[in-house]
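Just below is one structure, and these are the notes that go with it.
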Amino acid sequence: MPELPEVETLCCQLRQVIIGAKIEKIDVIDPKLGTTEGLEGKIVRGIRRHGKTLSLELEGNLELVLHLRMTGRLLWSNGNGLEPHTRLVISFADGRIFLIDPRRFGTVTINRIGDCSSLGCDPLEGFDASHLWKIAQRCTIPIKSFLMDQRRIAGIGNIYACEILHRARLYPWRKTNALSRAEWTELGGAAKEILTRAIACRGTSVSDWRDLFGREGENQDYLLVYGREDTACYRCGGRIQRRKLNGRGTYFCPTCQNG
DNA sequence: CCCTATGTTCCCAA
DNA sequence: CTTGGGAACATAGG
């Protein structure tokens, strides 16, 4: 589920409930997740996001890093009952964070704050079009693969890659090094627009995405191409197609995404 | 049985 | 070395 806008939604909502709170207890329901030793009793100093990773910054220069992968979600609740597929429970004085993850791909790790990560730039922190244009010059992979490569740009997954490319009028298979500087600028603007609106809508609930408080997002009402195979393009009336790229369903309008 | 799924990593081939 | 393709991970749903 979660790409940058969904993780950003959780990040903002977690700040509302656990900044300054003490971790009373951590229950690892599914040991496949990894270890969370030694964090009980620590105060949450901050919450941050980089790409699709979410970190709880703790005392002692430590951070608990969550990655939700395909089907992970977080739920804030006061109750004791476990929803199906609950993998981890972090308890505070006035509530608990439940990590729910049917496919069990999610991960939890402990890092020292400041350890460098292999993630690329975050498109909300500044999509540096001229820097990206430069590193794109020797890169012949399709532009959609480039956008989704977390080492180069962190946070864009399959849904938003499709949406951004449609907004920027770019064909997903276009060679990365064939984009002009002007097209990179256009792409940066499209990314910013698509992602900020998705955040304002608290994410895209096309399947089972819910925010921290269990509510659906609203961005599914604004999707331009994702999931719209064989329907009319809102911009030009063309017929939206779906084809595979690197094993992922790729939605685009062959009529207006020809650049 | 088939196919699909919002992510990442690894292996293999060209 | 790079790039690209596919499988794997584990589970649910159509």
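So you know, we letter chains A, B, ... as the sequences are listed, proteins then strands, and number each from 1.
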Check every strand shown and say whether A:G203 touches a base, only sugar-phosphate, or nothing at a heavy-atom separation below 4.0 Å. nothing
Side-chain contact, heavy-atom cut-off 4.5 Å: A:F127 with A:L132? yes
Distance in angstrom units between A:R138 CZ and C:dT2 P, rounded: 9 Å
Its contact letters, B for base, S for sugar-phosphate only and - for none at protein heavy atoms under 4.0 Å, make nucleotides 8-14 of chain B read B------
Quick one, A:I143 and A:L179 - any side-chain contact, counting heavy atoms below 4.5 Å? yes
Do you see a donor-acceptor pair shorter than 3.5 Å between the side chains of A:K144 and A:N246? no
Quick one, A:I18 and A:I97 - any side-chain contact, counting heavy atoms below 4.5 Å? yes
Tested for salt bridge (charged side-chain N to carboxylate O under 4.0 Å, His left out) against A:R49, the lone hit among A:E125, A:E8, A:E57 is A:E8
Whole Å only: how far is the CG atom of A:D208 from the C1' atom of B:dG7? 14 Å
Answer yes if the side chains of A:T71 and A:D101 hold a donor-acceptor pair under 3.5 Å, and no otherwise. yes
Return the value, rounded to whole Å, for the distance between atom CG of A:N177 and atom C1' of C:dT2. 13 Å
Between C:dC1 and B:dT8 - P atom distance, rounded Å: 24 Å
Counting only side-chain N and O atoms of A:K244, is one of them less than 4.0 Å from OP1 or OP2 of C:dG5? no
Using 0.5 Å steps for rounding, measure from the CD1 atom of A:I153 to the CD1 atom of A:I164. 8.5 Å
Applying ring-ring contact (aromatic ring centres under 6.0 Å, His included) as the test, list every pair that has at least one member in residues 84-113 of chain A; sequence neighbours left out. none
Given pairs defined as Watson-Crick or G-U wobble with both distances under 3.5 Å, what dot-bracket annotation applies to DNA chain B, with ( ) intrastrand, [ ] crossing, | other strand and . unpaired? .||||.||||||||
Flag for A:S91-A:R96: side-chain donor and acceptor within less than 3.5 Å: yes
Starting from P on C:dT2, measure out to CD on A:Q137 and report it in whole angstrom. 17 Å
Let me have the donor-acceptor pairs involving side chains of residues 33-47 of chain A, under 3.5 Å, with sequence neighbours excluded, atom names and distances please.
from  : atom 1 : to    : atom 2 : distance (Å)
A:T35 : OG1    : A:E37 : N      : 3.2
A:E40 : OE2    : A:I26 : N      : 3.0

Atom CZ of A:R152 to atom C1' of C:dT3: distance rounded to whole Å? 10 Å
Below 4.5 Å, heavy atoms only, C-beta onward: do A:L54 and A:L74 meet side chain to side chain? yes
What integer distance in Å separates A:I135:CD1 from C:dT2:C1'? 15 Å
Which part of the nucleic acid, if any, lies within reach of A:T107 when heavy atoms closer than 4.0 Å are counted: base, sugar-phosphate only, or nothing? nothing
By nearest-heavy-atom nucleotide on DNA chain C, the more 5' of A:N246 and A:K32 is A:N246
Determine whether the aromatic ring of A:F105 stacks with the base of B:dG7, defined as ring centroids separated by less than 5.5 Å and ring planes inclined by less than 30°. yes
Residue pairs fulfilling ring-ring contact (aromatic ring centres under 6.0 Å, His included) with at least one residue in residues 221-259 of chain A, sequence neighbours excluded: A:Y171-A:F252, A:W173-A:F252, A:Y226-A:Y251
Can you pull every protein N or O that's under 3.5 Å from an N or O on nucleotides 11-14 of chain C?
from   : atom 1 : to     : atom 2 : distance (Å)
C:dT11 : OP1    : A:R104 : NH1    : 2.8

